[in-house]
Amino acid sequence: MTPATPRSLLPIGEIASRAGLSVPAVRYYESRNLVTSERTAGNKRVFRRYTLRRLAVIAAGQRVGLTLAEIAEALAELPSDKAPTQDDWHQLSTHWTLLVAQRIRQLEKLQGSLDDCIGCGCLSLKKCHLFNPQDEAASEGPGSRWVRRSLETNDAEEIHG
């Protein structure tokens, strides 16, 4: 690691302000090993200037709905002693694009389930297809029979084209 100059080290309050975060948020990210700090002789926490770029990557990941664990996994692939480069960002964003696309598919499927649930009107948390997807129609007793029939019809149409 290159020696730090006074201008390359930023106190926690300044790094938080410049990143648009609270000081506790920066401390939290540090506790999760997303960023690292150094200590001055007076035991004050200071951060290298490139930490601003890492904080920007964290913010971008959160904006697209990634968990801190997913962001930490991505940051672990980056050099820890310098700012991420354009190539680093391209690599991260390519992977994140796949994660976002997967989430979109999951949300679309959930949206379809909600539409079916609203159409059913059963309001049963015990038998509802959305909340209890493994329920096997409970011998056609109470529950979301209309949703099951609709899904069976859709599945049959998909199979038979």
Side-chain angles (χ1 to χ4, degrees), residues 1-40 43-119 125 128-135 144 147-148 150-152 154-161:
M1 193 178 297
T2 59
T5 64
R7 297 187 51 76
S8 68
L9 294 174
L10 302 172
I12 191 167
E14 185 174 346
I15 202 107
S17 174
R18 289 182 61 179
L21 298 168
S22 66
V23 168
V26 175
R27 284 191 193 116
Y28 180 71
Y29 292 155
E30 184 180 18
S31 76
R32 299 283 308 260
N33 297 317
L34 299 171
V35 296
T36 58
S37 69
E38 300 174 24
R39 296 291 181 147
T40 66
N43 202 30
K44 294 197 185 258
R45 192 180 267 132
V46 290
F47 294 83
R48 292 192 179 253
R49 189 171 296 280
Y50 60 75
T51 303
L52 288 168
R53 185 77 55 89
R54 291 178 74 85
L55 290 169
V57 169
I58 294 166
Q62 289 180 311
R63 270 194 296 279
V64 297
L66 299 178
T67 66
L68 286 181
E70 290 167 330
I71 295 168
E73 187 178 306
L75 287 173
E77 300 295 319
L78 299 177
S80 62
D81 61 344
K82 64 180 186 170
T85 65
Q86 285 287 3
D87 287 341
D88 293 332
W89 174 248
H90 178 70
Q91 203 171 357
L92 282 179
S93 65
T94 299
H95 177 68
W96 287 359
T97 298
L98 297 173
L99 289 174
V100 170
Q102 179 183 18
R103 293 233 169 91
I104 289 170
R105 287 190 301 275
Q106 290 170 338
L107 288 171
E108 286 172 342
K109 188 173 183 177
L110 176 61
Q111 183 182 25
S113 294
L114 286 172
D115 288 345
D116 290 344
C117 191
I118 291 167
L125 296 181
C128 180
H129 173 74
L130 183 63
F131 293 104
N132 188 10
Q134 302 305 317
D135 184 61
S144 55
V147 171
R148 285 190 296 272
S150 171
L151 291 174
E152 289 168 3
N154 289 342
D155 288 346
E157 289 172 0
E158 286 179 17
I159 291 171
H160 299 296

Could you check if a side-chain atom of Leu52 sits within less than 4.5 angstrom of a side-chain atom of Leu10, using non-hydrogen atoms only? yes
Quick one: list whatever passes salt bridge (charged side-chain N to carboxylate O under 4.0 Å, His left out) with Arg103, sequence neighbours left out. Glu70
Please list all pairs passing the ring-ring contact (aromatic ring centres under 6.0 Å, His included) test where one or both residues lie in residues 58-84, with sequence neighbours left out. none
Going by the rule side-chain contact (heavy atoms from CB on, under 4.5 Å), which residues pair with Gln62 if we only count those two or more places apart in sequence or in a different chain? Tyr29, Ile58, Leu68, Ile71
For Glu30, all residues meeting salt bridge (charged side-chain N to carboxylate O under 4.0 Å, His left out), sequence neighbours excluded: Arg45
Non-neighbouring partners of Gln86 that pass side-chain contact (heavy atoms from CB on, under 4.5 Å), sequence neighbours left out: none
Kindly write out the residues that satisfy side-chain contact (heavy atoms from CB on, under 4.5 Å) with Thr40, not counting sequence neighbours, or none if the list is empty. Lys44, Val46
Taking atom CG of Leu98 and atom OG of Ser93, what is their separation to the nearest 0.5 Å? 10.0 Å
Pairwise ring-ring contact (aromatic ring centres under 6.0 Å, His included) hits with a residue in residues 63-92, at least two apart: Trp89-Trp96
Could you tell me the separation between the CG atom of Leu55 and the CZ atom of Arg53, rounded to the nearest 0.5 Å? 11.5 Å
With side chains defined as the heavy atoms from C-beta onward, is the minimum distance between Leu78 and Leu92 less than 4.5 Å? yes
Pairs in or reaching into residues 53-74: which pass ring-ring contact (aromatic ring centres under 6.0 Å, His included), with residues at least two apart or in two chains? none
With sequence neighbours left out, write down each residue that passes side-chain contact (heavy atoms from CB on, under 4.5 Å) with Thr85, or none if nothing qualifies. Asp87, Asp88
Mind listing the closest non-hydrogen atom pair of Val26 and Phe47 along with its distance? CG1-CZ, 3.6 Å
Identify, with sequence neighbours excluded, every residue that meets side chain to side chain donor-acceptor pair (under 3.5 Å) alongside Glu14. none
For Ala83 and Tyr50 the tightest heavy-atom approach is N-CB, 3.4 Å
Run the side-chain donor-acceptor check on residues 16-23: report pairs under 3.5 Å with partners two or more places apart or on a different chain.
residue	atom	partner	partner atom	Å
Ser22	OG	Ala25	N	3.1

Test Leu34 against every option in Thr51, Leu75, Val57 by the side-chain contact (heavy atoms from CB on, under 4.5 Å) rule and name the one that passes. Leu75
List the residues meeting side chain to side chain donor-acceptor pair (under 3.5 Å) with Arg32, not counting sequence neighbours, and say none if there are none. Tyr28
